[in-house]
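Written out below as structure tokens is the structure these notes cover.
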Amino acid sequence: MIYLDNAATSFPKPERVYTEMDKCMRDYGANPGRSGHRLALQAGRAIFKTRERLCRLFNIDNPMQIVFTSNATESLNLGIKGLLRAGDHVVTSSMEHNSVARPLAALEPKGIETTFVRCDSEGMLDPKDVKRAIKKNTSLIVVTHASNVTGALMPVKDIGALAAEKGIPFMVDAAQTAGVYDIDVKEMHIDLLAFPGHKGLLGPQGTGGLFISEELDVMQMKEGGTGSSSENLAQPALAPDRYESGTPNTVGIVGLGEGAGFILDKGTAAVRKHEAELTGMLLEGFGEIGGVKIYGPKDPKLQVGVVSANILNGDSGEISYILDKSYDIATRAGLHCAPLAHRTLGTLEQGTIRFSVGLFNTREDIMAAVKAVGEIAAEIR
Ligand SMILES: Cc1ncc(COP(=O)(O)O)c(C=O)c1O
């Protein structure tokens with residue numbers, strides 16, 4: 001199988017992820033932060049190591065400001081719902097994933113208003129439009145770092161500078177960039193960074209995280225056992241315990257730590273270079289096939305390793321099915337949980353076939369995908 005669905009979740013993972021998760025399960029799978037015995041302490045140290053590695057990746061000073069969640073969606077919900085109050089206004093973009101758009105829609109009846117700034121037909125966001133959308137009561141700007149439909153990179157550094165200038169908290173959905181693209185929360189003025197552990201960070205599914213700036217008072221979504229201040233019925237006030245009630249996904253977090261360690265050893269520049277090369281090959285190859293329409297910037301410098309396309313007016317689901325069944329190529333079709341983005345691109349009806357590359361894809365994989373699309377296009381024409 002040629003796996004080109006890395007935007008959904010990366011596959012396979014580096015060998016060290018499998019090895020350490022297995023070791024954790026067998027050798028030190030105790031409950032961290034609760035008991036004081038050797039195995040519990042070892043599990044606690046392993047979790048802390050993951051926090052430290054994520055801090056190095058994102059230039060975060062305090063590992064305790066990283067909160068583990070089960071995916072980017074949970075991180076986004078925690079940040080958005082924990083921060084906003086009735087009467088607040090939010091600025092976001094028209095390219096957001098439902099993990100941003102739906103929590104915001106759910107807050108609308110509670111008196112929280114959202115402005116969806118329109119991106120252009122390539123899905124690009126102009127920071128000047130973000131500036132124009134800001135109101136007196138704007139309490140959050142939240143944008144995706146890169147679209148999961150077109151791969152288009154958003155100008156987060158400019159928007160971060162604008163948010164800092166106006167004193168508005170800035171949240172970034174790094175679902176498509178964490179582990180692949182340099183993220184520096186200080187340089188980008190990011191107050192809330194939501195990331196999945198299972199995509200570019202190469203950890204297992206069921207992992208994710210949220211960096212919360214010490215300046216913000218984000219309400220927790222749950223209360224319960226944390227292993228700390230147990231005499232007190234009030235939830236601990238400090239991160240990460242404030243947000244991490246209940247037994248954590250120790251084995252998953254250990255796997256995420258190994259994925260992050262792998263990325264740190266390799267360097268995001270090398271990861272990005274590899275993925276940009278494969279993305280360029282896809283764009284060039286598809287660009288030469290008559291009847292194939294590519295969406296987004298069509299430039300590997302302006303996008304991550306995500307390429308969305310259609311073949312004439314062929315059904316995207318059917319074509320993705322043919323790629324799977326006849327060519328053994330895994331892609332994703334449809335709306336990719338981002339109807340707003342498809343409205344922006346004009347593909348709400350047809351959806352798109354999404355090819356998303358990962359660190360373990362090869363040039364041969366891409367050549368096979370281009371050849372397959374060429375053959376399918378010839379059939380349809
Ligand atoms: C841009 C974007 N945001 C959020 C998410 C949600 O991520 P998760 O599946 O980890 O909840 C995704 C998943 O594909 C995504 O692409």
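Read the numbers this way: they start at 1 and go in the same order the structure lists the ligands and their atoms.
Residue contacts with ligand 1 include K199, since one of its heavy atoms falls under 4.0 Å from the ligand. The shortest separation from a heavy atom of H336 to ligand 1 is not under 4.0 Å, leaving the residue out of contact. A8 does not count as a contact of ligand 1, since none of its heavy atoms falls under 4.0 Å from the ligand.
Residues K273 and E277 are not paired through a salt bridge, judged by the lack of any N-O separation under 4.0 Å between the basic side chain and the carboxylate. By the 4.0 Å N-to-carboxylate-O rule, D265 lies close enough to R16 to be salt-bridged with it. Under 4.0 Å is where a charged nitrogen must lie from a carboxylate oxygen, and between D5 and R354 at least one such pair does. A salt bridge does not link D182 with R272: none of the charged nitrogens is closer than 4.0 Å to a carboxylate oxygen. Ion pairing of R132 with D126 is absent here, as no side-chain N (NZ or NE/NH1/NH2) approaches a carboxylate O to less than 4.0 Å.
Protein heavy atom at the shortest distance from atom 11 (O) of ligand 1 is T73 OG1, 2.4 Å. Atom 2 (C) of ligand 1 has its closest protein heavy atom at A175 CB, 3.3 Å. Of all protein heavy atoms, the one lying nearest to atom 4 (C) of ligand 1 is D173 OD2, 3.4 Å. Among all protein heavy atoms, the one lying closest to atom 7 (O) of ligand 1 is A72 CB, 3.4 Å. Protein heavy atom closest to atom 10 (O) of ligand 1, with residue, atom name and distance, is H198 NE2, 2.7 Å. At the shortest separation from atom 16 (O) of ligand 1 among protein heavy atoms lies Q176 NE2, 2.7 Å.
Applying the 4.0 Å criterion to heavy atoms of A7 picks out, from ligand 1, the atoms 14 (O). For ligand 1 and S99, the ligand atoms under 4.0 Å from any heavy atom of the residue are 4 (C), 5 (C), 6 (C). Close approach to P196 involves these atoms of ligand 1, each under 4.0 Å from a residue heavy atom: 10 (O). With ligand atoms numbered from 1 in the order given, ligand 1 contributes 1 (C) to contacts under 4.0 Å with heavy atoms of T144.
Between Y181 and T268 there is no side-chain heavy-atom pair separated by less than 4.5 Å. A 4.5 Å side-chain heavy-atom check between K13 and E258 finds every atom pair outside the cut-off.
For an aromatic pair to be called close, the ring centres must be under 6.0 Å apart, and F360 with F11 fails this. Between H336 and H97, the ring centre distance reaches or exceeds 6.0 Å.
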